[in-house]
Amino acid sequence: MAQHNAFYAQSGGVTAVINASACGVIEACRQHSDRIGKVYAGHNGIIGALTEDLIDVSQESDETIAALRHTPGGAFGSCRYKLKDIESHRAQYERLIEVFKAHDIRYFFYNGGGDSADTCLKVSQLSEKMGYPLTAIHVPKTVDNDLPITDNSPGFGSVAKYIATSTLEASLDIASMCATSTKVFVLEVMGRHAGWIAAAGALAGEGEGEPPHLVIFPEVPFERSKVMARVEECVEKYGYCVIVVSEGARYEDGTFLADSGNTDAFGHRQLGGVAPTLAGMVKQDLGYKYHWAVADYLQRAARHLASRTDVEQAYAVGQQAVELAIAGKNAMMPAIKRVSDTPYEWRIESAPLAEVANREKFMPREFIREDGFGITEACRRYLSPLIQGEDYPPYENGLPKVANLKLAKVERKLPEFHL
């Protein structure tokens with residue numbers, strides 16, 4: 001069969017292992033050099049395709065591509081830019097097809113979360129309508145773990161490991177000082193609508209009294225009096241209280257505890273500051289000395305503490321995306337299928353994008369303890385395998401060594417396009 005080029009782009013918030021997926025895609029493309037010629041990466045995600053700002057990945061050595069596996073961030077640049085509906089923004093979609101035509105791109109690999117799945121599906125549908133043969137495959141990624149069908153989302157396992165570790169380590173700090181100093185520690189973690197990352201903090205302790213003493217999920221309406229009563233009970237019983245709270249914690253009426261009043265490029269409410277908000281309540285209602293921390297970018301950039309399971313799965317979905325494309329599958333996503341918990345076994349299956357796009361997977365109620373402040377054994381069984389194993393990057397001069405890419409630009413062939 002004829003040889004054509006491929007396009008790869010990263011979208012949305014990055015993860016510690018998104019570049020492992022890039023590595024999987026690029027290495028698999030190189031193994032299929034009879035079918036796939038050059039791999040072009042979009043500079044800053046889909047914006048790179050719209051503006052014809054392409055990176056020639058063939059200029060990178062095999063060693064550099066292999067180093068992506070242990071490099072955090074988004075190696076080719078990512079973006080928060082959601083393509084709107086085809087009807088009102090048809091020009092953007094048509095521009096994508098024009099760029100793909102100009103550079104003989106017939107394979108489209110889009111690495112991101114739910115919004116990216118939606119874009120990938122729309123591009124696939126339009127290319128069909130326009131009669132341009134394009135195979136579009138979505139490569140799953142999100143720290144939020146909220147993609148449907150796939151058992152878990154690449155990127156989540158490493159965040160879960162970082163948050164569980166940070167909760168454990170900070171708890172030992174508080175426990176050692178609580179007699180004369182801080183009584184309450186609040187750790188704010190990512191998770192707008194789904195409490196998966198907050199739940200991972202609960203892996204830090206198991207037995208009665210082991211921190212975290214409270215986990216606050218977006219799925220459980222926040223009741224100030226109940227939360228404060230639980231905090232007071234823990235301080236009196238154990239001498240201190242550790243809380244892991246999701247940024248998406250909300251009241252019964254759906255209002256976020258920390259709604260900034262702004263929205264991001266995807267139209268989502270911008271959150272931030274739930275930890276100081278909650279700590280302020282503790283001070284007001286109980287008078288305890290407190291400390292709070294926001295994991296923020298640290299939780300999704302901590303490649304030095306990545307889960308080996310997560311690295312392997314991130315690489316596998318990248319590799320399998322190419323295999324799906326070569327097999328002629330279109331508008332699909334490689335999904336992780338859990339075979340068993342103990343021993344933990346998984347495989348990659350394919351999922352239609354129509355069943356993935358614009359759908360979120362929330363924490364099942366059976367994963368949240370009856371009192372709403374912790375996780376159940378079923379949740380622990382689900383989460384535990386995802387944080388297993390270490391995959392340390394190589395170090396140089398005491399710091400992690402990362403890929404150093406040339407990022408060689410491809411010559412433009414089309415007129416300028418304004419977003």
Side-chain angles (χ1 to χ4, degrees), residues 143-146 156 159-160 162-164 166-168 170-171 174 182-206 209-235 237-238 240-260 269-286 288 290-296 299 360-376 378-380 382-383:
V143 296
D144 293 326
N145 199 40
D146 59 358
F156 170 69
V159 168
Y162 180 88
I163 293 301
S166 298
T167 303
L168 173 64
S171 296
I174 304 301
T182 305
K183 301 287 187 191
V184 178
F185 176 69
V186 183
L187 177 62
E188 176 181 329
V189 304
M190 289 178 172
R192 178 180 302 277
H193 300 130
W196 295 105
I197 300 176
L203 293 175
E206 279 190 66
E210 289 185 19
H213 305 101
L214 284 88
V215 179
I216 298 177
F217 305 97
E219 290 89 346
V220 179
F222 181 86
E223 291 182 58
R224 182 166 175 164
S225 59
K226 279 179 71 174
V227 170
M228 293 303 123
R230 175 70 176 148
V231 171
E232 187 173 34
E233 179 192 351
C234 291
V235 172
K237 210 169 179 180
Y238 313 119
Y240 68 109
C241 179
V242 172
I243 305 168
V244 177
V245 58
S246 173
E247 65 179 351
R250 70 193 73 200
Y251 295 102
E252 183 80 59
D253 66 1
T255 308
F256 292 113
L257 265 69
D259 189 338
S260 71
R269 300 296 289 182
Q270 281 197 311
L271 307 179
V274 72
T277 299
L278 188 54
M281 291 180 188
V282 168
K283 184 69 176 173
Q284 277 182 344
D285 295 8
L286 304 172
Y288 295 136
Y290 63 79
H291 268 271
W292 56 266
V294 182
D296 201 48
Q299 65 199 298
E360 283 181 290
K361 178 175 71 179
F362 303 108
M363 287 266 295
R365 194 60 185 87
E366 63 267 23
F367 277 13
I368 300 172
R369 219 166 55 201
E370 206 172 323
D371 65 3
F373 293 142
I375 63 171
T376 61
C379 185
R380 194 174 291 275
Y382 168 79
L383 292 173

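Note that these values count all heavy atoms, side chains included, but never hydrogens, waters or copies made by symmetry. Predicted model, so just to flag it, every value in this text is computed and none were measured.
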Quick check against the 3.5 Å criterion: does [X] have a side-chain atom that pairs as donor or acceptor with the backbone of [Y]?
X: Arg365; Y: Ile368; value: yes
X: Glu232; Y: Met228; value: no
X: Gln299; Y: Val189; value: no
X: Trp196; Y: Asn145; value: yes
X: Thr376; Y: Glu366; value: yes
X: Glu188; Y: Val294; value: no
X: His291; Y: Phe185; value: no
X: Thr167; Y: Ile163; value: yes

Open item on the list: Run Asp146 and Arg192 through salt bridge (Lys or Arg N to Asp or Glu O under 4.0 Å) and show every step you take.
Closed with: CA-CA 10 Å; Asp146 59 358; Arg192 178 180 302 277; over 6 Å; no

Could you measure the distance from the [atom1] atom of [X] to the [atom2] atom of [Y]? Nearest 0.5 Å is fine.
X: Tyr290; Y: Ile243; atom1: OH; atom2: CD1; value: 12.0 Å
X: Thr182; Y: Tyr288; atom1: OG1; atom2: OH; value: 13.5 Å
X: Glu223; Y: Ile216; atom1: CD; atom2: CD1; value: 11.5 Å

So do the side chains of Ile375 and Val215 get within less than 4.5 Å of each other, counting heavy atoms only?
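No; the side chains remain at least 4.5 Å from each other.
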
* Can you check whether Val159 reaches Asp144 side chain to side chain, under 4.5 Å on heavy atoms? -> no

Compare every heavy atom of [Y] with every heavy atom of [X], then report the nearest pair and how far apart it is.
X: Ala204; Y: Ala164; value: CB-O, 3.5 Å
X: Pro218; Y: Ser246; value: CG-OG, 3.3 Å
X: Tyr240; Y: Ser171; value: CE1-O, 4.1 Å
X: Ala199; Y: Cys379; value: CB-SG, 4.3 Å
X: Val245; Y: Ala249; value: CG2-CB, 3.9 Å

inquiry  = Test side chain to side chain contact (heavy atoms under 4.5 Å, CB included) on Gln284 and Arg224; report intermediate values, then the result.
reply    = CA-CA 12 Å; Gln284 277 182 344; Arg224 182 166 175 164; 2.8 Å; yes

Original post:
Passes ring pair (Phe, Tyr, Trp, His ring centres under 6.0 Å), Phe367 versus Tyr382? Steps please.
Top reply: CA-CA 9 Å; Phe367 277 13; Tyr382 168 79; 5.6 Å; yes

